[in-house]
Amino acid sequence: MFLINCPFCGEREQSEFKAGGEAHIVRPKQPTELSDDEWAEYLFMRKNIKGIQFERWNHVHGCRKWFNMVRDTSNDQIKAVYKMGEKPPVK
Amino acid sequence: MKNKYSIFSIIKNAFSYHENWEKAWKDPEPKKEYDAVIVGGGGHGLATAYYLAKKHNMKNIAVVEKGWIGGGNTGRNTTIIRSNYLWDASAGLYDHALKIWEGLSQELNYNVMFSQRGVMNLAHNLQDVRDLKRRTHANRLNGIDAVYLNTEEVKKFCPIINTSQDIRYPVLGGTLQRRAGTARHDAVAWGYARGADEMGVDIIQNCEVKGIKRNGDTVEGIETTKGFIKTKKIGVVAAGHSSVIANMAGLKLPLESKPLQALVSEPVKPIIDTVVMSNAVHAYVSQSDKGELVIGAGTDDYVSYSQKGSHDIVEGTLNAILELYPIFSRMRMLRQWGGIVDICPDASPIISKTSIKGLYFNCGWGTGGFKATPGSGDLFAHTIANDEPHKLNAAFNIKRFVSGDLVDEHGAAAVAH
């Protein structure tokens with residue numbers, strides 16, 4: 001359990017949010033032209049990093065807006081929060 | 001040859017105040033080279049080594065474990081064993097395991113305390129009723145014992161359940177698998193370790209894998225905290241850390257690792273003599289031989305390796321437990337913990353070769369791997385020894401995520417994720 005600083009609402013409990021998985025996976029422009037392997041890669045394969053991970057979150061019980069987060073998955077410490085479409089503030 | 005455990009060995013050792021029992025397994029340093037190395041000394045990994053040695057005559061093998069054996073999810077689960085899964089492929093897989101469980105204590109000469117006390121799955125709405133009836137029929141077509149119970153029969157089988165129709169999610173019925181039950185989780189790891197050790201398997205603890213050495217598309221060995229170990233075959237059974245090992249080999253897996261929590265109460269006299277699971281309200285409970293209620297919560301929905309979980313998940317589970325079992329309202333909880341489970345998108349496991357020759361993965365068991373321990377080890381050993389899957393785990397190939405031939409068991413998984 002931890003607190004999340006929603007970029008729209010401010011600090012709230014994590015239980016107000018829904019995790020949306022790995023961020024910055026770009027949807028293929030022409031899905032019909034993908035091979036089965038490429039489609040599986042887009043749809044199912046995940047980095048599932050132990051350490052610094054970029055991910056999407058949704059404030060479902062608040063403003064219901066999506067945003068991005070940089071979090072250390074080994075200890076749940078949040079490194080940064082930034083809006084959709086913005087560049088990640090840390091590498 | 002190890003001394004056999006029996007009533008006579010207990011009497012004999014009583015004379016020396018039980019201080020001279022031989023070690024159940026050695027504590028060797030790694031050799032330079034093995035025919036196969038299993039990464040992960042949990043129940044699945046130790047079972048894999050045991051069956052590799054026993055059925056496939058591979059004796060020059062090792063199990064490397066970063067902590068102590070059975071200290072990960074093997075020691076953290078709620079010990080439930082059942083095989084009432086929906087699809088044919090899953091039924092074959094899980095019932096194969098259940099059949100091995102039925103003779104496991106005798107085979108290992110180690111009491112795994114397998115107790116076929118039955119597992120009941122409850123229905124709380126009409127869709128649950130339809131799903132559970134469908135699953136009962138599917139189970140019976142696959143030769144798995146399953147019966148559907150109405151509300152009165154549920155109450156008769158487990159009298160402490162609140163079957164009042166006035167509660168928020170009333171009990172409308174349930175399924176019962178009588179061959180299902182529980183086992184002592186630590187004993188499973190220890191029993192397999194002892195059996196494997198006796199056949200010459202090196203069980204190497206406190207040995208963390210740091211890298212996988214490849215020559216093109218073939219594995220050459222593993223880098224560990226105890227040095228480089230040369231091997232042609234690596235079987236990875238690392239549960240929540242499967243993706244971490246896969247990344248070392250440049251592979252990606254369709255997994256997300258999440259915390260799953262469990263908790264036990266203070267010990268009390270026998271009150272519940274079966275296992276009751278409720279998928280819809282998310283409450284499952286059984287009682288350990290020590291008398292503690294063993295309660296499983298759901299997963300958190302974010303990726304984490306922290307082996308902790310969120311308090312609200314536990315709170316939600318206990319709310320449901322109290323509505324279903326008002327008798328527990330004054331029970332105090334003793335301990336709570338989390339384990340990291342590796343979840344596949346279809347809630348079914350992967351027991352498979354990979355695109356790298358000599359690298360095998362047994363992962364993705366998610367919230368329900370304990371029940372499959374013996375079968376998983378047996379089938380993974382077959383896959384490693386023959387470089388081909390057994391027919392029972394062919395469907396659990398990693399390629400199913402490319403072909404689309406998924407084995408969706410979210411309904412039978414019975415834990416929210």
Side-chain angles (χ1 to χ4, degrees), chain A residues 1-6 12-26 28 31-32 34-62 64 66-81, chain B residues 66 208 238-248 250-259 261 297-316 336 338 340-346 348 350 354-355 363-364 397-406 417:
Chain A
M1 190 152 77
F2 42 86
L3 296 172
I4 295 175
N5 193 13
C6 171
R12 296 287 195 279
E13 274 188 30
Q14 173 266 322
S15 57
E16 288 189 16
F17 298 81
K18 172 90 185 142
E22 191 178 321
H24 307 299
I25 299 174
V26 182
T32 50
L34 292 189
S35 69
D36 287 351
D37 279 307
E38 288 167 328
W39 187 241
E41 177 76 18
Y42 164 71
L43 206 57
F44 294 124
M45 300 303 163
R46 294 293 177 263
K47 290 181 189 154
N48 196 24
I49 291 168
K50 182 180 186 178
I52 302 293
Q53 168 159 293
F54 296 81
E55 51 195 16
R56 302 176 303 171
W57 285 75
N58 186 356
H59 195 184
V60 279
H61 300 298
R64 300 179 67 192
W66 285 91
F67 59 94
N68 290 316
M69 188 191 291
V70 189
R71 190 170 57 94
D72 188 337
T73 60
S74 63
N75 57 15
D76 294 335
Q77 276 185 10
I78 298 167
K79 303 293 179 190
V81 170
Chain B
K66 76 172 171 184
E208 184 176 354
H241 281 69
S242 297
S243 297
V244 176
I245 308 277
N247 289 342
M248 292 176 189
L251 283 180
K252 260 171 112 184
L253 296 172
L255 298 176
E256 285 193 312
S257 296
K258 298 176 176 180
Q261 295 176 87
T299 58
D300 279 292
D301 74 340
Y302 51 87
V303 170
S304 177
Y305 290 83
S306 65
Q307 290 193 329
K308 291 180 285 192
S310 301
H311 184 70
D312 55 295
I313 302 283
V314 171
E315 197 177 11
Q336 167 274 344
I340 302 304
V341 297
D342 44 328
I343 298 171
C344 265
D346 59 356
S348 283
I350 296 167
T354 63
S355 55
C363 59
N397 195 297
I398 196 165
K399 284 282 172 199
R400 75 177 187 267
F401 296 97
V402 176
S403 67
D405 194 7
L406 304 182
H417 56 267

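All values below come from the heavy atoms of this structure, side chains included, with hydrogens, waters and symmetry mates left out. Note on naming: letters A, B, ... go to the chains in the order of the sequence lines (proteins, then strands), and numbering restarts at 1 for each one.
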Q) To the nearest 0.5 Å, how far apart are CZ in Phe2(A) and OG in Ser304(B)? A) 7.0 Å
**Q.** Distance (rounded to the nearest 0.5 Å) between Gln53(A) CD and Tyr305(B) OH
**A.** 8.0 Å
Q: List the steps, then state whether side-chain contact (heavy atoms from CB on, under 4.5 Å) holds for Asp37(A) with Lys399(B).
A: CA-CA 9 Å; Asp37(A) 279 307; Lys399(B) 284 282 172 199; 3.9 Å; yes
Q) Hey, is NZ on Lys252(B) packed in by over 12 heavy atoms from elsewhere, all under 6.0 Å? A) yes
Q: List the atom of Phe401(B), the atom of Ala40(A), and the distance in Å for their closest heavy-atom pair.
A: O-CB, 3.2 Å
Q | Leading residue by heavy atom contact count with chain A [cutoff under 4.5 Å; candidates Pro345(B), Pro259(B), Ser257(B)] | A | Ser257(B)
Q. Okay, side chain of Asp36(A), backbone of Ser403(B): is any donor-acceptor separation there less than 3.5 Å?
A. no
**Q.** Separation between CG of Asp346(B) and CZ of Phe44(A), rounded to the nearest 0.5 Å
**A.** 7.5 Å
Q) Which heavy atom of His241(B) sits nearest a heavy atom of Lys50(A), and at what distance? A) NE2-NZ, 2.8 Å
Q: Heavy atoms only, distances under 4.5 angstrom: which of Asp342(B), Leu255(B), Ile313(B), Asp300(B) has the most pairs with chain A? Name it, please.
A: Leu255(B)
Q. At a heavy-atom separation under 4.5 Å, does Asn247(B) approach chain A through its side chain, its backbone, both, or neither?
A. side chain
Q | Any side-chain donor near an acceptor of the partner, Ser243(B) and Asn48(A), under 3.5 Å | A | yes
Q: Return the option, out of Ile49(A), Asn75(A), Asp72(A), with the maximum number of heavy-atom pairs under 4.5 Å with chain B.
A: Ile49(A)
Q.
For Glu13(A), which atoms come within 4.5 Å of any heavy atom of chain B: side chain, backbone, both, or neither?
A. neither
Q) Checking side-chain contact (heavy atoms from CB on, under 4.5 Å) against Val303(B), which of Arg46(A), Lys47(A), Arg71(A) comes through? A) Arg71(A)
